[in-house]
Student: 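Take a look at the following structure, please.
Since we're looking at a predicted model, the values are computed, not measured. Start at 1 and go down the list; that is how both ligands and their atoms are numbered. We're numbering straight along the sequence, starting at 1.
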Amino acid sequence: MVVQLISRLPLSRSGVSVALLRSRARQLLRLCDRADHALGVVLVDDAEMRNFNRDYRHRDSPTNVLAFPGPSGGELPAVISGETPQLGDIIISIDTARREAVEQGQSLHERLTVLMIHGLVHLLGLDHERSEREALLMEAREKELRQQLQENRRGKMAHLAVNVDHVATVREARGIAEPDPVQAAGICELAGAAGIVVHLREDRRHIQDRDVQLLRQTVKTRLNLEMATAPEIIDIALAVRPNMVTLVPEKRQELSTEGGLDVIGNRRKVEETIQRMTDASIPVSLFVDPDMDQIDASRDAGATFVEIHTGRYCEAPPGEERDREFTSIAQCAEHAFEQGLRVNAGHGLDYRTTRRIAALDTIEELSIGHAIISRAVYVGLERAVREMLDIIRHSRDFPG
Ligand code: PXP
């Protein structure tokens with residue numbers, strides 16, 4: 001299946017996740033039994049749309065969507081050529097989609113999806129301008145595809161892995177036994193978390209060796225041990241055998257993990273650690289910045305997962321800058337997924353920033369700690385986890 005999604009507008013300005021739309025286009029091709037076809041989707045502004053509408057339909061105004069069945073023979077603006085049978089190209093005006101989204105009370109991505117479906121149904125041969133009967137048929141088919149797409153997403157939500165480091169941070173502030181991250185982990189699991197994450201730091205500032213050993217015995221879901229590539233910690237991981245390890249950079253002075261792992265710069269050490277874990281059947285995830293080269297290096301180093309660092313996205317002020325960070329996460333997640341890596345994401349995610357990331361269906365698991373443990377102070381841990389799960393669960397029902 002080939003889906004080529006081209007935006008002729010700067011993505012940071014459009015606020016559109018190309019990865020999300022591409023993934024929806026792929027699902028739609030599958031739902032229409034056209035998985036073996038190529039589809040082009042081009043996002044343009046109103047000015048360019050007006051040109052298309054004038055040149056091909058003799059209507060001198062912009063419109064929301066146009067569909068050009070392929071192969072075009074070079075006459076029409078086909079974006080894909082090659083051996084694969086071509087379904088055609090769908091041209092969508094983001095400007096019009098944005099206006100319609102406001103009018104219809106829909107999110108921009110929801111509107112773009114509705115328009116993509118409309119274009120696709122045209123490419124499948126239906127036309128609402130030929131007869132009323134065909135218009136009704138077309139409307140019914142579009143509605144059915146929208147529902148199927150929603151059901152697909154509902155059935156597949158990202159997992160939530162809760163990082164309980166900060167329960168241990170509070171305990172260590174007093175140097176006594178409470179609160180216990182091991183008990184906290186049990187509550188998170190009962191509330192629906194699919195995994196527990198702890199970072200055993202070399203300075204043991206929060207999680208202690210005892211915690212990791214007890215968690216190994218008590219965690220019923222999956223235990224993900226975050227760690228640096230330090231020899232002592234590697235030995236502990238090999239002895240404890242968590243369900244997976246996530247390699248992170250570690251600096252003594254930092255409050256929390258700051259940047260992603262430089263897989264390219266530390267290639268030998270990372271590869272050696274992956275090899276030792278692989279020999280012990282422990283899958284390895286590499287915590288990396290949203291950077292294509294680091295992702296390629298992770299694949300080459302033999303990682304099973306990458307965890308994409310969401311810190312910059314979460315820290316960016318809402319608006320253009322955050323949209324830009326989001327787009328780069330979405331593109332990197334898509335790229336990693338296409339490279340055969342399993343994709344997690346985390347760092348800094350909270351009750352506002354999680355929805356968009358959880359909506360990316362290339363992402364398998366979110367690792368969230370500070371926001372959940374902070375909220376637990378006010379509403380209790382079980383409710384804090386459930387509230388986050390609700391956000392994740394609904395994120396794929398057309399995210400904003
Ligand atoms: N992922 C990694 C690799 C981390 O180092 C951390 C912080 O410990 C997290 C996720 C969770 O970040 P936060 O506590 O900000 O949710």
Student: Show the atoms of ligand 1 that are less than 4.0 angstrom away from any heavy atom in N163.
Tutor: 8 (O)
Student: Please determine, by modelled atom types, if H370 and D165 share a side-chain donor-acceptor pair under 3.5 angstrom.
Tutor: no
Student: By side chain to side chain contact (heavy atoms under 4.5 Å, CB included), which residues pair with E321, not counting sequence neighbours?
Tutor: A316, P317, R324
Student: With nothing but distance in play, are any N or O atoms of H370 less than 3.5 Å from an N or O of ligand 1?
Tutor: yes
Student: In ligand 1, which numbered atoms sit nearer than 4.0 Å to a non-hydrogen atom of E307?
Tutor: 1 (N), 2 (C), 3 (C), 10 (C)
Student: Identify, by atom number and element, the atoms of ligand 1 in contact range of V248, meaning under 4.0 Å from any of its heavy atoms.
Tutor: 3 (C)
Student: Report yes or no: do I207 and V170 belong to one cluster of Ile/Leu/Val/Met/Phe/Trp/Tyr joined by side chain heavy-atom distances under 4.5 Å?
Tutor: no
Student: Answer yes if the side chains of H118 and E142 hold a donor-acceptor pair under 3.5 Å, and no otherwise.
Tutor: yes
Student: R34 pairs by side-chain contact (heavy atoms from CB on, under 4.5 Å) with which of L120, L87, L123?
Tutor: L87
Student: Can you find an N/O atom of G369 closer than 3.5 Å to an N/O atom of ligand 1?
Tutor: yes
Student: Should G348 be counted as touching ligand 1, given the test is an N or O pair under 3.5 Å?
Tutor: yes
Student: Given 3.5 Å as the limit, does a donor-acceptor pair link the side chain of T310 with the main chain of H347, or not?
Tutor: yes
Student: Need the ligand 1 atom indices (1-based, order shown) with element for anything under 4.0 Å from a heavy-atom of S367.
Tutor: 1 (N), 10 (C), 11 (C)
Student: Identify, by atom number and element, the atoms of ligand 1 in contact range of I368, meaning under 4.0 Å from any of its heavy atoms.
Tutor: 16 (O)
Student: Quick one: does ligand 1 sit under 4.0 Å from the side chain of H199, the backbone, both or neither, non-hydrogen atoms only?
Tutor: neither
Student: Indicate whether any N or O donor in one side chain lies under 3.5 Å from an N or O acceptor in the other, for S23 and D361.
Tutor: yes
